[in-house]
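Just so you know, these numbers come straight off a predicted model, no measurement behind them.
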Amino acid sequence: GMNCPLGAGAPPPPDDEEDDEEEDPQPSPQPVALVYAPTPQPQEETDDEPQYEAGVFDCDHHGNPVQVLREDDDEPYRVVELDTSSGKYTTLYEMDYLSLDTHVNAVAMHSDGEGGYTALASIGGKVCLFDESGTECLAQALEVTKPNLGAVLGDVFYYAKEPGNGGSRRIYWVEDIVSETPVFHKHDDALFEIPVGLFTKSVLDFVAIDEQTVDWVHDDVEEASYLVGLAQRFEVLIVRLSTDGEPEAYAVLPGVVDWEDDPGDESPFGAAFAYHSPTWNSLETFFASNEGWGIFELHWPLIVPDECWNTGFETDTHEVCASTANLTRWHDSEESSSNDGMNCPLGAGAPPPPDDEEDDEEEDPQPSPQPVALVYAPTPQPQEETDDEPQYEAGVFDCDHHGNPVQVLREDDDEPYRVVELDTSSGKYTTLYEMDYLSLDTHVNAVAMHSDGEGGYTALASIGGKVCLFDESGTECLAQALEVTKPNLGAVLGDVFYYAKEPGNGGSRRIYWVEDIVSETPVFHKHDDALFEIPVGLFTKSVLDFVAIDEQTVDWVHDDVEEASYLVGLAQRFEVLIVRLSTDGEPEAYAVLPGVVDWEDDPGDESPFGAAFAYHSPTWNSLETFFASNEGWGIFELHWPLIVPDECWNTGFETDTHEVCASTANLTRWHDSEESSSNDGMNCPLG
């Protein structure tokens, strides 16, 4: 399988190769920058024809898992994308330029290092980049003609033929795949073989994992890289790479799956997907069943003691590890005879501009939408409506095609608000639609997304001082007004909307919240319901947006409270404001952590951060948070976990006793962004 790494996905069907091997003949593409000299393709080519150069994959619009498949040998291969809401596949294009007897599998994606990804596979037994119109292949043949496992790490392509089935198997690799002098490692270069019998049947796909910043595999080796696949009874095969990129050892960990309907028998997992942040400080890996069991997520870290690693060719001494790996059934998927996948490994986003509100407050008047399921009864909108007009029902946001950061902004007060999406390759914004159905004096901000719990997300904001769901055609609002008319911080957690007006500026500020926003009886908490105030002076100027964080499976904030939820924002000199929520959802305490930013060009002065974005896995076991500067400084990633000792938490209204924490938070400049006067953001949390 392949996928644009910040997404997640599922399965399609493989092609038959040999009777003794259960395989998936589809490519498992992973982004490959096609920068090496094009070589002859499998199709016939004359001397006077220019050789084809494959183009980059459209990760901006196809961040979900992608697979290459065909149902029958008399059909061309198809490149399809998973619709994560339905578990069905949409055909992106057919590879009808290949002859029907050309084998395609071991797909992956290769990155050009500048944000572009190109699909790569074994096509006709050669390493090829490919797109909708043709292939670009290296001349030399691979060590095995029909590999079905494929992954790319840097400029190295790793491949294998169904370990666990058909005798002992080796892992092969090709270095410098995007150069004019690629290095093809031979059968005798392998350092070990994997015998039959250590796991159920076979492994049909793997993904590459890199420990740039996080120790994903707890073993005796720091900052290593790995290949990870899933056998047919949830056993995990993990291959460790040497510092030179050689597959040097492997381990097998029995899998423990959290799935009530587990039939107890076997299924091949022919498609593997890995999503990670640019710095590899968050990671999600998924494996799709060919039998239609679904898509399963592997949870990190893995514990692999030194005695678990096997190497060499005396396979009688190779053993299964006593440690186990944990998996969860994450999503439905279709049954398929052939199933191989790829994805664009990254998928995160950035910033847009805010609008002016009051002279004493530096703010971003755009909504920072987060997925909201518009299932509550529509209430009157800010625009005029007659009694005989049906009230508008806002629709879900198109997360499948717009997984990048989204912002609501306008440059001037005499223009309508625009909903724009960040192009992460250029740092520019593309307008999705204008909110020209609103009067120009209607204020929009505190945007977020609310989930319907079934995969759908709807944009939500403070519009005209009310909680509203909205889309390209209209708004659907609750009747009661918010406690402050022009909030600029907004986040949604479950069915609760949290909002505030620029903490740190204009006097002491409180955090407000509305419960049951998708019911007919929402609960609006008042000014007096707050448990604390945030005074001026604990951080630079103000905080202009926040995101909601939930500790369902991982302790993201190391404090004395387990499985808590938080709101997190960034002040103007990288200080982190973190608000802890009680088990009832009340904002109960807050802390301020000075920020330490890894950025050579730091000017040393201040910038408002008006747009905040949070990407997480369905079970919250991976997390990425980003903050976009209004001054064009860029987009900055906040690294987890945060250490917040008990003495750092402030609460109550005697603000003279409130203090800044001695612990610090670490940030990295991640991406360019545009300068903007108004900057508020939202995103589909699952990418």
Side-chain angles (χ1 to χ4, degrees), residues 1-4 12 15 25-62 66-70 73 75-81 91-142 145-148 150-152 154-159 174-184 340-345 425:
M2 68 179 171
N3 64 289
C4 297
D15 69 336
Q26 274 59 263
S28 173
Q30 297 183 356
V32 173
L34 299 179
V35 295
Y36 56 101
T39 56
Q41 307 170 63
Q43 53 266 48
E44 187 176 344
E45 196 175 74
T46 64
D47 292 340
D48 57 354
E49 287 179 336
Q51 292 181 344
Y52 185 74
E53 293 189 16
V56 297
F57 187 83
D58 183 5
C59 286
D60 288 340
H61 298 101
H62 301 292
V66 174
Q67 300 187 33
V68 181
L69 60 90
R70 66 177 174 186
D73 291 345
E75 297 179 358
Y77 286 96
R78 293 183 297 122
V79 176
V80 301
E81 183 180 24
T91 297
L92 301 182
Y93 59 86
E94 291 188 346
M95 299 175 71
D96 49 10
Y97 48 78
L98 296 176
S99 63
L100 293 178
D101 59 356
T102 300
H103 178 265
V104 180
N105 210 319
V107 298
M109 289 273 190
H110 177 277
S111 168
D112 59 13
E114 298 179 358
Y117 292 90
T118 305
L120 173 150
S122 163
I123 299 180
K126 295 183 177 181
V127 184
C128 300
L129 298 166
F130 68 94
D131 60 14
E132 66 276 7
S133 302
T135 63
E136 178 181 353
C137 303
L138 296 179
Q140 187 167 330
L142 296 170
T145 57
K146 293 184 177 182
N148 49 5
V152 170
D155 289 335
V156 183
F157 174 55
Y158 296 93
Y159 65 101
V174 182
E175 294 184 71
D176 301 328
I177 52 175
V178 294
S179 76
E180 294 185 2
T181 55
V183 179
F184 286 71
D340 199 0
M342 65 181 173
N343 67 286
C344 297
S425 63

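Proximity of a side-chain donor or acceptor of S111 to a complementary backbone N or O of G113 within less than 3.5 Å is detected. In this structure a side-chain-to-backbone donor-acceptor pair under 3.5 Å is missing from K126 to L138. Between the side chain of R70 and the backbone N or O of E75 there is at least one donor-acceptor pair closer than 3.5 Å. In terms of modelled atom types and a separation under 3.5 Å, the side chain of E136 and the main chain of A54 share a donor-acceptor contact. Judged by distance alone, the side chain of D176 and the main-chain N or O of V183 form no donor-acceptor pair under 3.5 Å.
For the atom pair CD of E53 and OG1 of T118, the computed distance is 11.0 Å after rounding to the nearest 0.5 Å. The CG atom of L92 sits 5.0 Å away from atom NE2 of H62, with the distance rounded to the nearest 0.5 Å.
Looking at heavy atoms from C-beta onward, F130 lies out of side-chain contact with L120 at the 4.5 angstrom threshold. With a 4.5 Å cut-off on side-chain heavy atoms, M95 and P76 do not count as touching. Under the 4.5 Å side-chain criterion, counting only non-hydrogen atoms from C-beta, L69 is in contact with V80. Under the 4.5 Å side-chain criterion, counting only non-hydrogen atoms from C-beta, E175 is not in contact with D155.
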Audit row: F57, E132, side-chain contact (heavy atoms from CB on, under 4.5 Å) steps and yes/no: CA-CA 9 Å; F57 187 83; E132 66 276 7; over 6 Å; no

Verdict with supporting geometry, D131 and V56, side-chain contact (heavy atoms from CB on, under 4.5 Å): CA-CA 7 Å; D131 60 14; V56 297; over 6 Å; no

Derivation and outcome, side-chain contact (heavy atoms from CB on, under 4.5 Å), residues T135 and Y97: CA-CA 9 Å; T135 63; Y97 48 78; 3.5 Å; yes

side-chain contact (heavy atoms from CB on, under 4.5 Å) between V66 and V79, worked out: CA-CA 7 Å; V66 174; V79 176; 3.6 Å; yes

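Among T145, L142, V127, the one residue that satisfies the side-chain contact (heavy atoms from CB on, under 4.5 Å) test with S122 is L142.
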